[in-house]
Engineer: 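Following this message is one structure expressed as structure tokens.
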Amino acid sequence: MNASAPTSAETLRRTLGGLLDGLPPKQATAAVERLIANYRGQTPTDAPVLRDRSDVAAYAAYRMPATFEAVRGALDGLAEAAPDWAPGSHVDVGGGTGAATWAVDATWDGPRQTTVLDWAEPALALGRELAAASTSEVLRAAAWRRAVIGSGLTLPEADLVTVSYVLGELTAPARAAVVAEAARAGQAVVLIEPGTPEGYLRIREARDQLIEAGLRIAAPCPHDGTCPIEVGKDWCHFSARVSRSSLHRQVKGGSLPYEDEKFSYVAATRFPTEPAASRITRRPQIRKGLVLLELCGPEGSGLTRVNVTKRHGDLYKAARDADWGQAWPPAPQPQP
């Protein structure tokens, strides 16, 4: 794991802070609102959504911190399941300005060959600019390449392939082709989508496809079996806390200094991992002397609710500190 993760997040926020210099606030706000409407639409596309420098700058300043935190949350799940593994090469599919690449750099230390693929040259150009301003040798040395993301995509083989906030932009055939190519090229594949019912369904479909391709699930699921969630009644998603920028406040209003980014994800590998025994699937509910945990457990156990009380001693203390998305029970801490 990378001890410099907080520094990476702060560097990214600081670098993004200068993106909107010279761009009138009303123009930035209008660009963000239009792009959000496009990204949240129900019509898949076969063309890049980010068209020019103002589009890319406004959207990156608004969305990149949230994407970074969501991807980092998903990568943490993989890193916990494979604590002795680190990718020596990384391909980010549809990486745009590089949020996932920054998240990988915040998760693992060591040398790494990184390639970011996207179909929008303005996004790639800004990604190069942001990476050049970082203190990371890996980010500064990353390759930024234009590629059509969809059917016909060919990826270089890599230890890690990430596809974040991309599948929802694609038609169903293109989506299946991208997942298939990621499964072929990657020793580990991490897919992230918005934490909406539709995003979860895309991840669920891709999860099945990865298993069929011979990969094993590392996170968040404790098993490779059928997801126990009944479609239409619930969906699997998690939450990452994001510091709100001045642009967030311009567009959304409100006074809170943060917001919570909801995301769904799956991490799968071709090498052995140790998935969580169970996964906390909702924010723990803390009562007086009691913590209620909602869990997804081993195959066949389905979704369960567990009450952890003071009688459980150290486990109760751990439950009070537990967070949505974490493995349960917690791993034993090394003794000093």
Engineer: Could you walk me through whether Thr114 and Val104 pass the side chain to side chain contact (heavy atoms under 4.5 Å, CB included) test, one step at a time?
Structural biologist: CA-CA 10 Å; Thr114 298; Val104 170; over 6 Å; no
Engineer: Salt bridge check, Glu261 against Arg63: does any charged N sit closer than 4.0 Å to a carboxylate O?
Structural biologist: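 Salt bridge flag = yes for Glu261 with Arg63.
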Engineer: Begin with the C-alpha distance, continue with both residues' side-chain angles, and end with the deciding distance and a verdict on side chain to side chain contact (heavy atoms under 4.5 Å, CB included) for Val148 and Leu153.
Structural biologist: CA-CA 7 Å; Val148 176; Leu153 176 68; over 6 Å; no
Engineer: Do Cys221 and Cys296 come within less than 4.5 Å of each other through their side chains, counting heavy atoms only?
Structural biologist: no
Engineer: Are side-chain heavy atoms of Phe271 and Asp159 found at a separation under 4.5 Å?
Structural biologist: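 Contact flag for Phe271/Asp159 side chains = no.
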Engineer: Hey, any chance Val138 and Leu78 share a hydrophobic cluster, counting ILVMFWY side chains that come within less than 4.5 Å of each other, even indirectly?
Structural biologist: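 Hydrophobic grouping puts Val138 apart from Leu78.
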Engineer: What closest approach, in Å, do Ser264 and Ile203 show between heavy atoms, and which atom pair accounts for it?
Structural biologist: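 Here Ser264 and Ile203 meet closest at O-CG1, 3.9 Å.
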Engineer: Quick one: are Val163 and Ile192 in side-chain contact, heavy atoms under 4.5 Å?
Structural biologist: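 When only atoms from C-beta onward are counted, Ile192 and Val163 do not touch, as no gap falls below 4.5 Å.
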Engineer: For the residue pair His90 / Thr115, report whether a side-chain donor-acceptor contact shorter than 3.5 Å exists.
Structural biologist: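 No donor-acceptor contact under 3.5 Å links the two side chains.
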Engineer: How long is the straight-line distance from CG of Leu293 back to CZ of Arg282, given to the nearest 0.5 Å?
Structural biologist: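 The distance works out to 13.0 Å.
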Engineer: Using 0.5 Å steps for rounding, measure from the CG atom of Leu292 to the OG1 atom of Thr309.
Structural biologist: 12.0 Å
Engineer: What is the distance from atom CG of Leu124 to atom CG of Asp118, rounded to the nearest 0.5 Å?
Structural biologist: 5.0 Å
Engineer: When you measure from the side chain of Gln187 to the backbone of Ala158, do you find a donor-acceptor pair of N or O atoms at a distance under 3.5 Å?
Structural biologist: no
Engineer: Looking at Arg320 and Ile286, would you say the former's side chain and the latter's main chain have a donor-acceptor pair under 3.5 Å?
Structural biologist: no
Engineer: Minimum heavy-atom separation for Ala276 to Pro222, with atom names?
Structural biologist: O-CB, 3.2 Å
Engineer: Find the distance between CG (Asp224) and CG (Leu215) and round it off to the nearest 0.5 Å.
Structural biologist: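 Here the interatomic distance stands at 9.5 Å.
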Engineer: Looking at Arg72 and Asp105, is there a salt bridge between them, counting it only when a charged N and a carboxylate O are closer than 4.0 Å?
Structural biologist: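 Not counted as a salt bridge, because no side-chain N and carboxylate O are separated by less than 4.0 Å.
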Engineer: Is there a side chain to side chain contact (heavy atoms under 4.5 Å, CB included) between Val266 and Leu210? Walk through the geometry before answering.
Structural biologist: CA-CA 9 Å; Val266 63; Leu210 292 173; 4.1 Å; yes
Engineer: Are Leu315 and Ile280 in one and the same hydrophobic cluster, where Ile, Leu, Val, Met, Phe, Trp and Tyr link if side-chain heavy atoms are under 4.5 Å apart?
Structural biologist: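 Yes, one cluster joins them.
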Engineer: Should Arg279 and Gln326 count as side-chain neighbours, where that means a heavy-atom distance under 4.5 Å?
Structural biologist: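 No; the side chains remain at least 4.5 Å from each other.
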Engineer: Report yes if some heavy atom in the side chain of Val179 is under 4.5 Å from a heavy atom in the side chain of Leu167; otherwise report no.
Structural biologist: yes
Engineer: With a 4.5 Å cut-off on side-chain heavy-atom distances among I, L, V, M, F, W and Y, is there a chain of contacts connecting Phe263 to Trp235?
Structural biologist: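 Not linked; separate clusters.
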Engineer: Working note: Tyr165 + Leu191, criterion side chain to side chain contact (heavy atoms under 4.5 Å, CB included); need CA distance, chi angles, decisive distance, verdict.
Structural biologist: CA-CA 8 Å; Tyr165 293 82; Leu191 311 175; over 6 Å; no
Engineer: Just by distance, do the side chain of Arg112 and the backbone of Leu139 share a donor-acceptor pair under 3.5 Å?
Structural biologist: no
Engineer: Who are the side-chain contact (heavy atoms from CB on, under 4.5 Å) partners of Ala86, not counting sequence neighbours?
Structural biologist: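 Here the qualifying residues are Trp108.
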Engineer: May I ask you to test the Arg283-Ser239 pair for a side-chain heavy-atom distance under 4.5 Å?
Structural biologist: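 Heavy-atom side-chain distance check passes, below 4.5 Å.
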Engineer: Closest approach of Trp119 and Leu170, non-hydrogen atoms and distance?
Structural biologist: CH2-CD2, 4.2 Å
Engineer: If I compare all heavy atoms of Val166 with all of Gly94, which pair ends up nearest, and what's the gap?
Structural biologist: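 Shortest heavy-atom separation between Val166 and Gly94 comes out as CG2-O, 3.6 Å.
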Engineer: Would you call the rings of His237 and Trp324 parallel, tilted or perpendicular, where under 30° means parallel and over 60° means perpendicular?
Structural biologist: perpendicular
Engineer: Supply the atom-to-atom distance Thr196 OG1 to Leu201 CG, rounded to the nearest 0.5 angstrom.
Structural biologist: 8.0 Å
Engineer: Looking at side-chain heavy atoms only, is the closest gap between Pro298 and Ser278 below 4.5 Å?
Structural biologist: yes
Engineer: For Arg270, look at atom CZ and say whether over 12 heavy atoms of other residues, nucleotides or ligands are found less than 6.0 Å away.
Structural biologist: yes
Engineer: Any salt bridge between Glu205 and Arg202, counting N to O under 4.0 Å?
Structural biologist: no
Engineer: Write down the atom of Ser134, the atom of Thr11, and the distance for their closest heavy-atom approach.
Structural biologist: CA-CG2, 4.3 Å
Engineer: Using the ring of Tyr265 (Phe, Tyr or Trp, six-membered ring only), decide whether Arg207 places NZ or CZ under 6.0 Å from its centre and within 45 degrees of its axis.
Structural biologist: no
Engineer: Other residues, nucleotides and ligands only: do more than 12 of their heavy atoms fall within 6.0 Å of CD on Glu274?
Structural biologist: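 12 or below, so no.
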Engineer: Would a hydrophobic clustering, with Ile, Leu, Val, Met, Phe, Trp and Tyr connected at side-chain separations under 4.5 Å, put Tyr200 with Ile211?
Structural biologist: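 Each belongs to a different hydrophobic cluster.
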Engineer: Using a 4.5 Å cut-off on heavy atoms from C-beta on, say whether the side chain of Ser136 contacts that of Trp102.
Structural biologist: no
Engineer: Please give me the minimum heavy-atom distance between Tyr316 and Val291, naming the atom from each residue.
Structural biologist: CE1-CG2, 4.0 Å
Engineer: Rounded at 0.5 Å granularity, tell me how far CZ in Phe68 sits from CG in Leu75.
Structural biologist: 9.5 Å
Engineer: With hydrophobic residues grouped by side-chain heavy-atom distances under 4.5 Å, do Met64 and Trp144 end up in a single group?
Structural biologist: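 As far as the 4.5 Å side-chain criterion goes, Trp144 and Met64 are not connected within one cluster.
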Engineer: Can you sort out the partners of Ala125 under side-chain contact (heavy atoms from CB on, under 4.5 Å), two or more places apart, ordered by chain and number?
Structural biologist: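 side-chain contact (heavy atoms from CB on, under 4.5 Å) check on Ala125 returns Glu121, Arg128.
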